[in-house]
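In this text the structure is predicted, and so the values were computed from the model without any measurement. Remember, it's 1-based here, ligands and their atoms both numbered in the order they're listed.
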Amino acid sequence: MDKFLITGGHPLEGRVPISGAKNAALPAMAAALLTQKRVILRNVPRVRDIGTMRSLLDELGVDSSVTHEEHGNRVEIEARRLLNPMAPYELVKQMRASILVLGPLVARFGQARVSLPGGCAIGARPVNLHIKGLEKLGASIHIEHGYIEARAEHLKGSVFTFDVVSVTGTENLMMAAALSDGETVLENAAREPEVVNLADLLIKMGARIEGAGSDEIRIQGVSELGGTEHTIIPDRIEAGTFLVAAAITGGHLVLDGVNSAHLTAVINKLTEAGAQITEAGPDKLEASAGHEIRAVDVTTREYPGFATDMQAQYMALMTQAEGSSLITETIFENRFLHALELTRMGADITVNGRRAVVRGRTSLSGAKVQASDLRASASLVLAGLAAQGETLIDRVYHIDRGYERIEEKLSRLGAKIHRVFE
Ligand code: EPZ
């Protein structure tokens, strides 16, 4: 299992290209199942989860190809026919986002057999709202042997209210509704930029969607959808991670190919904490450490609030802030696993349920640590960059799922980091 070996204490300097958003590319790939025509996706990040989604499409009998381009990969998908509408446990357990094929398969082919994702390190991660929403659209669904068995002669538009805001739940139902008869209204829908990017793709395919980006999305179903070409939005979480990297190492970075409008809450919070972040052009952000890092509380919220996917990275920064900060995680029930590893590096963090108190500033010392999930891994990399001495991070396959060649990008910025193959 690959490891990262990091020698900390080197401020990061230079320009870093931000890749396409994994969490926009995954639903976009699933959306290609809604048409028999060719869908071309550009700026797709070169990360493990994209490969897993391609394997899933292959399992379904759907052809896809990847071409290396200057900005990310170009992925072409043509779901002319289906071998079998089944997403097996072996693939779904690798990547929960596999659930995103459920809505398209039921809408296009009238049936689907998708493994229940099961939980993961950060929480139980139920998909009950995906299922309830599809039932509201007329699908008959039952669970057996760990699989979601769904059937629908044809889906009929309806009104569905999410009792909890769900990003992939919104995406799944928006895709299913696009081919349903009549109007669907999704209430308490997720407002994330990735939802909007998916709606943009569906509209280019011929779907009729209004309100994406708000908490009420209206979809007028159509009989069929066509092919198109579509560009994946920049990864706002990768960008936020590099903003923290500049602050925690006392460095100075320019992020290229970023959409700062997707990062308002993160930019505001990091600025409050003392970072200096400015727009350096239409798709550029300049970030440098201020003269101190201030302890500032944060509460994660659904978009446009402070992203839960930035919480672990922010916690690493708060270990270097003077004073105590309270971090409240409102989205997932167990998303503080990184706190235990940061403590092993010298941080002073007390976790109590969904709240963590970080007492800074503590100097971090390099240690052997273990990644538990994608964003916890990023947090440990950031801590390793700031720590004195060597940090060895195990199970970096977690980070490879969502960050494109992060050790290469960091090395180019002056970080002493390399991958240890074992
Ligand atoms: C998406 O996961 C992202 N993944 C996650 O990013 C992100 O952390 C999360 O949204 C929140 O922003 C992708 O987009 C592929 P949710 P998702 O459904 O859709 C509860 C990363 O690091 N819920 O918005 O699975 C759920 O338990 C990953 O890239 C139900 O109760 O998250 C959670 O408490 C990690 N029933 C809350 O809603 C459901 O049917 C939000 O979950 C669905 C969700």
Side-chain angles (χ1 to χ4, degrees), residues 19-31 45 47-50 52-53 56 92 94-103 114 116-136 141 143 148 160-175 186 188-198 215 232-233 235-241 262 265-266 300-314 329-335 337-338 354 371-379 398-404 406:
S19 302
K22 156 181 91 85
N23 290 352
L26 292 171
M29 292 170 76
V47 297
R48 177 192 285 258
D49 274 8
I50 299 301
T52 305
M53 183 59 91
L56 178 52
V92 177
Q94 287 181 48
M95 183 183 68
R96 308 179 30 71
S98 307
I99 192 73
L100 284 164
V101 303
L102 178 63
V114 176
L116 277 167
C120 74
I122 65 178
R125 310 293 296 277
V127 290
N128 59 309
L129 299 176
H130 298 240
I131 291 168
K132 274 172 66 179
L134 285 172
E135 286 175 330
K136 196 75 189 303
I141 294 182
I143 312 278
I148 302 165
F160 181 72
T161 304
F162 285 88
D163 53 18
V164 178
V165 173
S166 168
V167 175
T168 52
T170 301
E171 292 164 346
N172 233 337
L173 295 185
M174 191 163 66
M175 289 189 281
L186 300 179
N188 198 25
R191 300 165 57 186
E192 271 69 2
E194 294 75 26
V195 172
V196 176
N197 198 222
L198 174 64
D215 62 359
I232 299 302
I233 55 171
D235 192 319
R236 60 193 169 96
I237 305 301
E238 182 193 27
T241 304
H262 295 163
V266 169
T300 63
R301 294 279 183 220
E302 297 88 357
Y303 192 88
F306 187 94
T308 174
D309 291 350
M310 279 299 303
Q311 180 258 107
Q313 299 91 311
Y314 185 76
E329 172 55 62
T330 67
I331 308 295
F332 291 112
E333 66 268 29
N334 187 34
R335 200 168 199 176
L337 292 174
H338 42 284
R354 292 195 180 214
S372 55
D373 61 87
L374 170 53
R375 307 305 172 181
S377 321
S379 174
H398 286 295
I399 205 161
D400 290 335
R401 292 190 49 186
Y403 287 89
E404 184 174 324
I406 194 168

Could you tell me whether ligand 1 has any atom less than 4.0 Å away from a heavy atom of [X]?
X: Asp49; result: no
X: Gly169; result: no
X: Met310; result: no

Proximal atoms of ligand 1 relative to [X] (non-hydrogen, under 4.0 Å):
X: Leu129; result: 36 (N), 39 (C), 40 (O)
X: Thr308; result: 8 (O), 11 (C), 12 (O)
X: His130; result: 40 (O)
X: Val127; result: 39 (C), 40 (O)
X: Arg335; result: 8 (O), 22 (O), 35 (C)

Arg236 with Glu194: basic N within carboxylate O range, under 4.0 Å:
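Counted as a salt bridge, because a side-chain N and a carboxylate O are separated by less than 4.0 Å.
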
Identify the closest protein heavy atom to [atom]: which residue and atom is it, and at what distance?
atom: atom 32 (O) of ligand 1; answer: Phe332 CZ, 4.0 Å
atom: atom 17 (P) of ligand 1; answer: Thr168 OG1, 3.6 Å
atom: atom 4 (N) of ligand 1; answer: Asn23 ND2, 3.6 Å
atom: atom 38 (O) of ligand 1; answer: Val164 CG1, 3.3 Å
atom: atom 22 (O) of ligand 1; answer: Arg375 NE, 2.9 Å

Looking only at N/O atoms, are [X] and ligand 1 under 3.5 Å apart anywhere?
X: Lys22; value: yes
X: Glu192; value: no
X: Asp309; value: yes
X: Ala97; value: no
X: Arg125; value: yes
X: Ile331; value: yes

If hydrogens are left out, which of Ser98, Pro126, Ser166 has an atom nearest to atom 18 (O) of ligand 1, that is, the closest non-hydrogen atom?
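Selected option, by shortest heavy-atom distance: Ser166.
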
Nearest heavy-atom neighbours spanning [X] and [Y]:
X: Arg301; Y: Ile331; answer: C-CD1, 4.0 Å
X: Ala121; Y: Ser372; answer: CB-O, 3.7 Å
X: His398; Y: Leu374; answer: O-CD1, 3.4 Å

Donor-acceptor pair, [X] side chain versus [Y] backbone, under 3.5 Å?
X: Thr170; Y: Ala190; result: yes
X: Arg354; Y: Thr330; result: yes
X: Arg125; Y: Arg96; result: no
X: Asn172; Y: Gly103; result: yes

Let me confirm one number: the [atom1]-[atom2] distance from [X] to [Y], rounded to the nearest 0.5 Å.
X: Ile237; Y: Lys22; atom1: CD1; atom2: NZ; value: 9.5 Å
X: Ser377; Y: Asp400; atom1: OG; atom2: CG; value: 9.0 Å
X: Ile148; Y: Ile131; atom1: CD1; atom2: CD1; value: 4.0 Å

Which atom pairs, donor and acceptor, lie under 3.5 Å between side-chain atoms of residues 303-313 and protein residues at least two apart or in another chain?
unit_1, atom_1, unit_2, atom_2, d
Tyr303, OH, Ala261, O, 3.4
Thr308, OG1, Glu329, OE1, 2.9
Thr308, OG1, Glu329, OE2, 3.0
Thr308, OG1, Arg335, NH1, 2.8
Asp309, OD1, Arg335, NH1, 2.7
Asp309, OD1, Arg335, NH2, 3.0
Gln311, OE1, His338, NE2, 2.9
Gln311, NE2, Glu329, OE1, 3.1
Gln311, NE2, Arg335, O, 2.8
Gln313, NE2, Thr241, OG1, 3.1
Gln313, NE2, Asp309, O, 2.9
Gln313, NE2, Tyr403, OH, 3.3

Applying a 4.0 Å heavy-atom criterion (strictly less than), which segment of Val167 is in contact with ligand 1: side chain, backbone, both, or neither?
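Both backbone and side chain of Val167 come within 4.0 Å of ligand 1.
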
Applying a 4.0 Å heavy-atom criterion (strictly less than), which segment of Asn128 is in contact with ligand 1: side chain, backbone, both, or neither?
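Asn128 to ligand 1: contacts from backbone and side chain alike.
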
For Leu129, run the side-chain contact (heavy atoms from CB on, under 4.5 Å) check against Leu173, Leu134, Thr161, Asp163 and tell me which one passes.
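Only match with Leu129 under side-chain contact (heavy atoms from CB on, under 4.5 Å): Asp163.
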
